[in-house]
Amino acid sequence: MKVEKLMANNQPNNWFETVTRECAGYPIDKVDIEKDELVLDIGANVGGFWNAWKWRFDNWHLVEPSVYNCEQIRLNGYEGSYSRNAVGSTSGERVKLMKYWGDGDNDTLSGNFGTQEFVNEGNGHGWQGDYEECITLSFKNRL
């Protein structure tokens with residue numbers, strides 16, 4: 001069923017801190033990118049990558065299809081530009097963003113939302129159930 005906003009039932013209260021801590025471990029400081037170059041965070045989740053590396057770069061654009069995650073990005077202090085889109089091979093397609101369901105009918109965290117309608121026949125895991133609609137954005141001819 002179509003919903004306005006997908007919610008992860010099992011999302012911990014410290015999810016932003018958890019994602020930030022995980023992203024802080026990436027070796028981004030070893031990449032030769034100037035401080036003012038554009039950084040695209042595609043699949044930004046709740047903004048943890050930006051939060052971990054905002055000291056390193058000044059020019060950010062976050063791309064995130066989930067209404068809930070976009071709200072969290074703003075609540076978590078990000079004031080820059082962002083797009084509420086799923087990235088695809090073409091722009092302008094209407095797609096379904098769904099939760100990934102695992103064992104025991106438990107949904108997974110908001111970082112596991114996806115647009116692939118796939119369910120593993122063996123264990124029933126996959127992207128399924130309620131969905132929110134989003135529009136695709138392509139970077140194919142923009143490089």
Side-chain angles (χ1 to χ4, degrees), residues 1-33 37-143:
M1 173 174 70
K2 181 180 174 185
V3 296
E4 292 301 313
K5 178 170 47 175
L6 285 178
M7 298 292 295
N9 298 327
N10 298 320
Q11 189 97 332
N13 291 334
N14 66 342
W15 183 238
F16 178 62
E17 292 80 16
T18 299
V19 174
T20 297
R21 198 170 37 258
E22 178 184 312
C23 293
Y26 300 163
I28 302 302
D29 56 332
K30 299 190 183 344
V31 177
D32 187 25
I33 300 174
E37 288 186 67
L38 176 63
V39 176
L40 290 174
D41 184 355
I42 298 174
N45 193 265
V46 294
F49 183 76
W50 159 78
N51 192 50
W53 293 100
K54 63 188 177 188
W55 63 270
R56 171 69 171 82
F57 304 105
D58 293 331
N59 190 10
W60 290 84
H61 185 85
L62 280 54
V63 181
E64 171 57 46
S66 161
V67 170
Y68 170 80
N69 285 343
C70 285
E71 290 172 353
Q72 293 301 301
I73 286 168
R74 290 296 191 201
L75 288 173
N76 291 326
Y78 180 74
E79 296 177 351
S81 67
Y82 77 97
S83 302
R84 194 184 82 72
N85 295 95
V87 174
S89 59
T90 60
S91 292
E93 291 183 43
R94 187 174 303 276
V95 294
K96 295 177 181 178
L97 182 68
M98 295 167 282
K99 295 180 186 182
Y100 186 92
W101 289 83
D103 289 332
D105 290 331
N106 287 325
D107 68 346
T108 54
L109 307 175
S110 68
N112 294 321
F113 292 170
T115 60
Q116 299 299 311
E117 293 186 57
F118 171 79
V119 178
N120 183 308
E121 292 180 18
N123 61 17
H125 294 194
W127 292 277
Q128 56 192 312
D130 290 346
Y131 66 93
E132 67 182 63
E133 285 186 344
C134 58
I135 305 298
T136 59
L137 176 65
S138 173
F139 294 97
K140 189 174 184 178
N141 295 321
R142 295 177 185 223
L143 300 177

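FYI, the numbering just counts along the sequence from 1.
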Keeping the roles fixed (side chain from [X], backbone from [Y]), state whether a donor-acceptor pair exists under 3.5 Å.
X: S138; Y: K140; result: yes
X: E132; Y: V67; result: yes
X: W53; Y: C23; result: yes
X: N120; Y: N123; result: yes
X: D41; Y: W60; result: no
X: K99; Y: M7; result: yes
X: E93; Y: T136; result: no

Minimum heavy-atom distance between [X] and [Y], given as atom pair plus value:
X: P65; Y: C134; result: CB-SG, 3.8 Å
X: Q72; Y: V46; result: CB-CG1, 3.7 Å
X: M98; Y: W127; result: O-CD1, 3.5 Å
X: V19; Y: G48; result: CG1-CA, 3.8 Å
X: S110; Y: A8; result: N-CB, 3.7 Å
X: F139; Y: L137; result: CZ-CD2, 3.8 Å

To the nearest 0.5 Å, how far apart are [atom1] in [X] and [atom2] in [Y]?
X: L40; Y: F49; atom1: CG; atom2: CZ; value: 10.5 Å
X: F16; Y: N45; atom1: CZ; atom2: CG; value: 10.0 Å
X: C70; Y: K5; atom1: SG; atom2: NZ; value: 11.0 Å
X: H125; Y: T108; atom1: NE2; atom2: OG1; value: 10.0 Å
X: I73; Y: S66; atom1: CD1; atom2: OG; value: 8.5 Å
X: H61; Y: S81; atom1: NE2; atom2: OG; value: 5.0 Å

Give a yes or no on whether [X] atom [atom1] has more than 12 heavy-atom contacts from other residues, nucleotides or ligands under 6.0 Å away.
X: N9; atom1: CG; value: yes
X: E133; atom1: CD; value: yes
X: E37; atom1: CD; value: yes

Item to check | Student check: side-chain heavy atoms of L97 and L6 closer than 4.5 Å | outcome: yes
Checklist entry - Going through the distances and angles, do V63 and V87 end up as a side-chain contact (heavy atoms from CB on, under 4.5 Å)? => result CA-CA 8 Å; V63 181; V87 174; 3.8 Å; yes
